[in-house]
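Each ligand, and each atom within it, is numbered from 1 in the order the structure gives.
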Amino acid sequence: MANLLRLGVNVDHVATLRNARGSAYPDPLRAAILAQQAGADGITAHLREDRRHIVDADIDTLIAGLTCPLNFEMAATSEMQAIALRHKPHAVCLVPEKRAERTTEGGLDVAGDEDRLAAYIAPLREAGCRVSMFIGHDAEQIRASARIGAAVVELHTGHYCDLHADGHLAERDAELALLVAGAKLAKSLGLEVHAGHGLTFDTVKPIAAIPEIQELNIGHFLICEAVFMGLGPAIAQMRHLMEQARAGA
Ligand code: PXP
């Protein structure tokens, strides 16, 4: 039976480790296959403009070697659109990119770039890709994503995770309430709802418990935890926590 709440495992930081030494290992495809065996429903990879982790050849090998869906994360540039149209991955997730950031800091401003993004995603939709917008929980961005014809919104959980890590628990709970409201609004507009960024064993359950959410995308923590417990067990534990949350436990 298909999982009601899917787990997409992001393998970017397997490539980060490889690139740190310029070696041929560890191989993101090997990690992706192991992730699938351990309970991942899909694989996510972000080809950044500066190629700091995943490189073009990784996308080639992931497309050729994976038997599960690939969620291809990218900035809304013409170079990335051409790469996506060549590969036609299952999903394309549009993210904002700033060269100086260490990771994707905020959500995409769909409302402020609506006409361009509508035109940008049209050929991707025609090619059969499920187009996802990585956005904050604000209603304006959710409504704009629906208007331009995106199939999916992925809600940015990074701020919620940071507030948890810093011990700002009241603010964390307020942020969670906004994510809940955003997920409800998105679903009511016919969007499929995903969430991700910064999720850990400690923060995943309240997000996984939001019934409108159909997919979580998690990477950095799982690759880090693999150092201690192994990638397969880390993914299996994440899945277990997600299922517990869905069962109300
Ligand atoms: N979702 C999106 C759109 C992302 O950009 C990222 C980070 O690349 C993730 C999920 C996964 O975030 P993390 O690696 O912090 O789990």
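- Side chains of His194 and Asn71: no donor on one and acceptor on the other come within 3.5 Å.
- The two residues Met238 and Thr200 have their closest heavy-atom pair at CE-C, 3.8 Å.
- For the pair Lys88 (side chain) and Leu85 (backbone), a donor-acceptor distance under 3.5 Å is present.
- Remark: side-chain polar atoms of Asp138 are not paired, donor with acceptor, to backbone N or O of Glu140 under 3.5 angstrom.
- Between the side chains of Glu175 and His164, no donor-acceptor pair is found at a separation under 3.5 Å.
- Each of the following atoms of ligand 1 lies closer than 4.0 Å to a heavy atom of Asn217: 10 (C), 11 (C).
- Here the protein heavy atom with the shortest distance to atom 15 (O) of ligand 1 is Gly198 N, 2.8 Å.
- With Glu97, His197, His194, Met74 as candidates, the residue nearest to atom 6 (C) of ligand 1 on a non-hydrogen basis is His197.
- Those atoms of ligand 1 that come under 4.0 Å of a heavy atom in Asp12, given as number and element, are 8 (O).
- With hydrogens left out, the protein atom closest to atom 16 (O) of ligand 1 is Gly219 N, 2.8 Å, a heavy atom.
- Nearest protein neighbour of atom 5 (O) of ligand 1, counting heavy atoms only, is Glu73 OE1, 2.8 Å.
- Under the 3.5 Å distance criterion, with hydrogens and angles disregarded, no donor-acceptor pair is assigned to the side chains of Glu154 and His197.
- Ranking the protein heavy atoms by distance from atom 10 (C) of ligand 1 puts Glu154 OE2, 3.3 Å first.
- Between His13 and ligand 1, not a single N/O pair is under 3.5 Å apart.
- Interface atoms of ligand 1 facing Val95, defined by a heavy-atom separation under 4.0 Å, are 3 (C).
- Atom CZ of Arg246 sits in a crowded spot, with more than 12 heavy atoms from other residues, nucleotides or ligands closer than 6.0 Å.
- Among protein heavy atoms, the minimum distance from atom 8 (O) of ligand 1 is reached at Asn10 ND2, 3.3 Å.
- The nearest protein atom to atom 14 (O) of ligand 1, hydrogens excluded, is given as His220 N, 2.8 Å; this is a heavy-atom distance.
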Given Asp41 and Arg239, is the salt bridge (charged side-chain N to carboxylate O under 4.0 Å, His left out) satisfied, shown in steps?
CA-CA 10 Å; Asp41 302 286; Arg239 270 235 66 90; 2.8 Å; yes
